[in-house]
Amino acid sequence: MPIVEAKGVRKVYRGDGVETEALRGVDLRLEAGEFTALVGPSGSGKSTLLHILAGLDLPTEGEVWVGGVRLDRLSRAERARFRLEHVGLVFQAYNLLPVLTALENAAFVLELRGLSRPERERRAMAALEALGLADKAGRFPRQLSGGEQQRVAVARALAAEPLLVLADEPTANLDSKTGLALIERMQALNEERGVTFLFSTHDPRLLAHVKRIVRLEDGRLVGEEWP
Ligand SMILES: Nc1ncnc2c1ncn2[C@@H]1O[C@H](COP(=O)(O)OP(=O)(O)OP(=O)(O)O)[C@@H](O)[C@H]1O
Ligand SMILES: [Mg+2]
């Protein structure tokens with residue numbers, strides 16, 4: 001069974017009398033353990049597709065399956081619960097909470113899940129360690145560099161031990177060295193723990209590190225590569 005399957009996904013945004021067809025019939029399958037980049041020009045539909053696969057938004061048409069569950073048939077609350085249990089998100093709109101430390105941010109999803117404090121701190125600390133941030137656990141986001149904040153966001157996604165991590169331009173706003181280091185950490189987690197990753201990126205240097213590249217143009221998948 002694939003971990004992610006989009007079948008004939010269309011997305012039309014409607015508002016102010018304007019319609020935008022952001023996705024025009026996307027079929028995509030990801031098998032468990034994939035480490036895949038989603039590329040394409042600005043406006044091609046990458047963020048839209050990631051939001052739909054995360055269940056943050058619904059397709060206008062088509063089916064979205066994650067871990068054998070048909071997401072587009074769930075209510076908003078059920079989708080939120082599903083995300084909490086199974087999907088890690090690294091999206092710009094889901095930034096760190098400024099009033100929480102790195103450790104508390106990384107533990108936040110686990111708190112929502114109702115884990116005890118020692119258990120969630122143990123797991124959050126392990127995720128911070130895996131991202132090279134153990135010594136920064138007590139710092140607030142404003143006391144961290146952009147790259148460190150981005151890594152805390154990845155640690156938060158991983159602390160929950162998800163099946164799948166969806167990331168929208170996780171290395172945007174990082175210098176190239178920090179961006180590569182982040183991707184290498186993600187790659188190690190993919191190889192060592194089998195977490196499936198799908199992330200969008202505009203950075204051609206990162207593409208050398210992925211197993212598969214999926215290309216979107218104007219709302220359609222137009223090609224794939226296995227570098
Ligand atoms: N909430 C929205 N309402 C209306 N149109 C939208 C909305 N979000 C995105 N769009 C439009 O849908 C299309 C796809 O946008 P999307 O954000 O998915 O592109 P993208 O590939 O992520 O681009 P970028 O690389 O710039 O982040 C664009 O034409 C965009 O203007
Ligand atoms: Mg985008």
Side-chain angles (χ1 to χ4, degrees), residues 4-30 34-66 71-72 74-77 79-80 83 87-96 146-147 149-154 156-157 162 164-176 178-180 182-183 186 196-225 227:
V4 174
E5 191 163 22
K7 293 188 196 173
V9 167
R10 277 184 74 233
K11 179 65 182 180
V12 181
Y13 290 110
R14 296 191 174 87
D16 302 327
V18 187
E19 281 199 359
T20 307
E21 194 174 359
L23 298 174
R24 302 168 189 259
V26 169
D27 294 299
L28 177 66
R29 269 173 82 115
L30 296 183
E34 283 199 38
F35 192 74
T36 297
L38 182 61
V39 302
S42 180
S44 58
K46 302 180 298 295
S47 296
T48 301
L49 181 58
L50 288 168
H51 281 88
I52 288 174
L53 296 178
L56 291 165
D57 203 355
L58 288 172
T60 308
E61 258 177 55
E63 299 177 15
V64 180
W65 295 81
V66 177
L71 270 194
D72 57 287
L74 301 183
S75 68
R76 180 179 293 271
R79 281 182 277 134
R83 246 188 334 270
V87 185
L89 301 183
V90 186
F91 285 7
Q92 272 156 11
Y94 290 80
N95 274 328
L96 302 178
Q149 291 183 35
Q150 211 88 321
R151 279 187 282 152
V152 174
V154 176
R156 179 183 54 189
L164 172 68
V165 174
L166 299 170
D168 199 6
E169 304 195 34
T171 62
N173 314 316
L174 303 184
D175 64 63
S176 62
T178 315
L180 266 178
L182 176 58
I183 293 290
M186 288 164 52
T196 308
F197 282 86
L198 176 66
F199 59 91
S200 66
T201 183
H202 282 286
D203 187 343
R205 281 163 303 195
L206 301 180
L207 300 179
H209 291 252
V210 303
K211 296 175 187 166
R212 179 184 178 194
I213 300 170
V214 174
R215 190 173 302 278
L216 263 180
E217 262 173 42
D218 202 18
R220 289 194 178 86
L221 287 184
V222 294
E224 293 196 36
E225 293 160 46

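Numbers here are sequence positions counted from 1. What you see is a predicted model, and the numbers here were worked out from it, not measured in a lab. Both ligands and their constituent atoms are indexed starting at 1 by order of listing.
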Glu224 bridged to Arg215 by N-O distance under 4.0 Å: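 No, this pair does not count.
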Salt-bridge criterion met for Arg10 and Glu21 (N-O under 4.0 Å): yes
Are the aromatic rings of His51 and Phe91 close, with centres under 6.0 Å apart?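 Yes.
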Can you sort out the partners of Arg76 under salt bridge (Lys or Arg N to Asp or Glu O under 4.0 Å), two or more places apart, ordered by chain and number?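 Arg76 satisfies salt bridge (Lys or Arg N to Asp or Glu O under 4.0 Å) with no other residue.
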Set of salt bridge (Lys or Arg N to Asp or Glu O under 4.0 Å) partners for Arg220, sequence neighbours left out: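 Applying salt bridge (Lys or Arg N to Asp or Glu O under 4.0 Å) to Arg220 gives none.
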Steps toward side chain to side chain donor-acceptor pair (under 3.5 Å) verdict (Thr48, Tyr13): CA-CA 10 Å; Thr48 301; Tyr13 290 110; 3.0 Å; yes
Salt bridge (charged side-chain N to carboxylate O under 4.0 Å, His left out) evaluation trace for Arg212 with Glu225: CA-CA 6 Å; Arg212 179 184 178 194; Glu225 293 160 46; over 6 Å; no
Looking at Arg24 and Asp218, would you say the former's side chain and the latter's main chain have a donor-acceptor pair under 3.5 Å? yes
Close side-chain approach of Leu50 to Leu38, heavy-atom, < 4.5 Å: yes
Is any protein N, O or S atom closer than 2.8 Å to the Mg ion (ligand 2), and if so, which? Ser47 OG
Non-hydrogen atoms closer than 4.0 Å to ligand 1: which protein residues do they belong to? List them by chain and number, please. Tyr13, Thr20, Ala22, Pro41, Ser42, Gly43, Ser44, Gly45, Lys46, Ser47, Thr48, Glu169, His202
